[in-house]
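This structure is a prediction, so every number in the text was calculated from the model and none was measured.
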Amino acid sequence: MQDADKGQSGSLDGQGLTIGIVRARFNDAITSKLAECCLAELAACGVNAEDIQQLTVPGALEVPLALQALADSDDYDALIALGCIIRGETYHFELVSNESGAGVTRVSLDHQIPIANAILTVENEAQAWARTEEKGRDAARVAIEMANLLNELP
């Protein structure tokens with residue numbers, strides 16, 4: 001939910017963290033802005049640019065496979081999924097939304113790596129643009145907070 005009460009966050013110190021980002025190209029202007037905002041927030045939280053790996057895939061359905069490849073490497077403290085699915089006139093919206101979300105979650109659980117899922121699922125382009133900056137920043141903060149949390153566990 002936009003402008004939701006998100007409570008008090010955990011540590012947002014990104015120094016020393018390695019982050020992988022997978023961005024879907026479909027709806028490229030929107031996903032490029034998501035990435036721009038995400039990268040700016042990662043930098044603001046102290047993540048070094050050289051500790052960020054970015055991959056681009058055709059669409060949201062391809063995001064989980066690329067995330068899995070990054071997770072398989074064991075080189076990352078957290079991953080970020082960026083994309084935008086806009087409802088159309090067919091059931092395809094539900095298919096892509098549900099399957100991409102399930103795939104992202106499965107990779108996270110199977111590899112025990114935090115993945116910030118910022119694949120927008122919206123009714124129209126206006127809703128996507130209204131959420132792009134906040135969700136890009138949120139993805140960075142979630143990835144950092146969860147990486148720090150998991151790094152603190154025994």
(message) Within this structure, what is the CG-CZ distance for the pair Asp138 and Arg131, rounded to the nearest 0.5 Å?
(response) 12.0 Å

(request) Find out whether Leu61 and Glu99 are in side-chain contact, i.e. whether some heavy atom of one side chain is under 4.5 Å from a heavy atom of the other. (result) yes

(message) Asp13 vs Ile144, test: side-chain contact (heavy atoms from CB on, under 4.5 Å). Steps then yes/no.
(response) CA-CA 7 Å; Asp13 179 4; Ile144 292 168; 5.8 Å; no

(message) Does atom CZ (Phe93) have a neighbourhood of more than 12 heavy atoms from anything else shown, all under 6.0 Å?
(response) yes

(message) In this structure, would Tyr76 and Val107 fall into the same cluster of hydrophobic residues linked by side-chain contacts under 4.5 Å?
(response) yes

(message) Looking at Glu123, I want to see if its CD is surrounded by more than 12 non-hydrogen atoms of other residues, nucleotides or ligands under 6.0 Å.
(response) yes

(message) Taking CD in Gln15 as the centre, count heavy atoms belonging to other residues, nucleotides or ligands within less than 6.0 Å. Is the count above 12?
(response) no

(request) Flag the pair Ile30 / Trp129 as yes when at least one side-chain heavy-atom distance between them is below 4.5 Å, and no otherwise. (result) yes

(request) Hey, could you give me the SG/NZ distance between Cys38 and Lys33, rounded to the nearest 0.5 Å? (result) 13.0 Å

(request) Flag yes if Ile115 and Val22 sit in one hydrophobic cluster, no otherwise; membership is Ile, Leu, Val, Met, Phe, Trp, Tyr, and two members link when side-chain heavy atoms are under 4.5 Å apart. (result) yes

(message) Could you tell me if the side chain of Gln68 sits less than 4.5 Å from the side chain of Asp72, heavy atoms only?
(response) yes

(message) Looking at Glu134 and Arg137, is there a salt bridge between them, counting it only when a charged N and a carboxylate O are closer than 4.0 Å?
(response) no

(message) Nearest 0.5 angstrom please: Gln53 CD to Asp75 CG, how far?
(response) 9.0 Å

(request) Scan side-chain atoms only and decide if Asp51 and Thr18 contain a donor-acceptor pair under the 3.5 Å cut-off. (result) no

(request) Indicate yes or no: at least one non-hydrogen side-chain atom of Thr31 is less than 4.5 angstrom from one of Arg25. (result) no

(request) Looking only at non-hydrogen atoms, find the nearest pair between Ala147 and Pro114 and report the distance. (result) N-CG, 3.8 Å

(message) Within the structure provided, determine whether Asp28 and Arg23 are in side-chain contact (heavy-atom separation under 4.5 Å).
(response) yes

(request) Working to the nearest 0.5 Å, report the span between CE of Met146 and OG of Ser11. (result) 12.5 Å

(message) Hydrophobic cluster membership, with links at side-chain heavy-atom distances under 4.5 Å among I/L/V/M/F/W/Y: are Val57 and Leu34 in one?
(response) no

(request) Consider only side-chain heavy atoms of I, L, V, M, F, W and Y, link residues closer than 4.5 Å, and tell whether Val63 and Phe26 are in one cluster. (result) no

(message) For a 4.5 angstrom cut-off between non-hydrogen side-chain atoms, does Arg87 reach Val122?
(response) no

(request) May I ask you to test the Asp110-Ser108 pair for a side-chain heavy-atom distance under 4.5 Å? (result) no

(message) Are Leu79 and Leu39 linked, directly or through intermediate hydrophobic residues, by side-chain heavy-atom contacts shorter than 4.5 Å (ILVMFWY only)?
(response) no

(request) Taking the side chain as every heavy atom from C-beta outward, state whether Ile85 and Ser100 have any pair of such atoms under 4.5 Å apart. (result) yes

(message) Could you check whether any side-chain N or O of Ser73 sits under 3.5 Å from a backbone N or O of Leu70, counting only pairs where one atom can act as donor and the other as acceptor?
(response) yes

(message) Show the nearest heavy-atom pair for residues Gly16 and Asp77, with the distance to one decimal.
(response) O-OD2, 3.9 Å

(message) Using every non-hydrogen atom in the two residues, find where Ala140 and Ile80 come nearest and quote the distance to one decimal.
(response) CA-CD1, 4.1 Å

(request) State, to 0.1 Å, how close Gly101 and Asn117 come at their nearest heavy-atom pair, and which atoms those are. (result) CA-ND2, 4.1 Å

(message) Can you give me the closest heavy-atom contact between Ile119 and Cys84, atom names plus distance?
(response) CG2-N, 4.3 Å

(request) Of all the heavy-atom pairs spanning Leu120 and Ala128, show the shortest one and how long it is. (result) CD1-O, 3.8 Å

(message) I need the Cys37 SG to Leu82 CG distance, nearest 0.5 Å.
(response) 10.0 Å

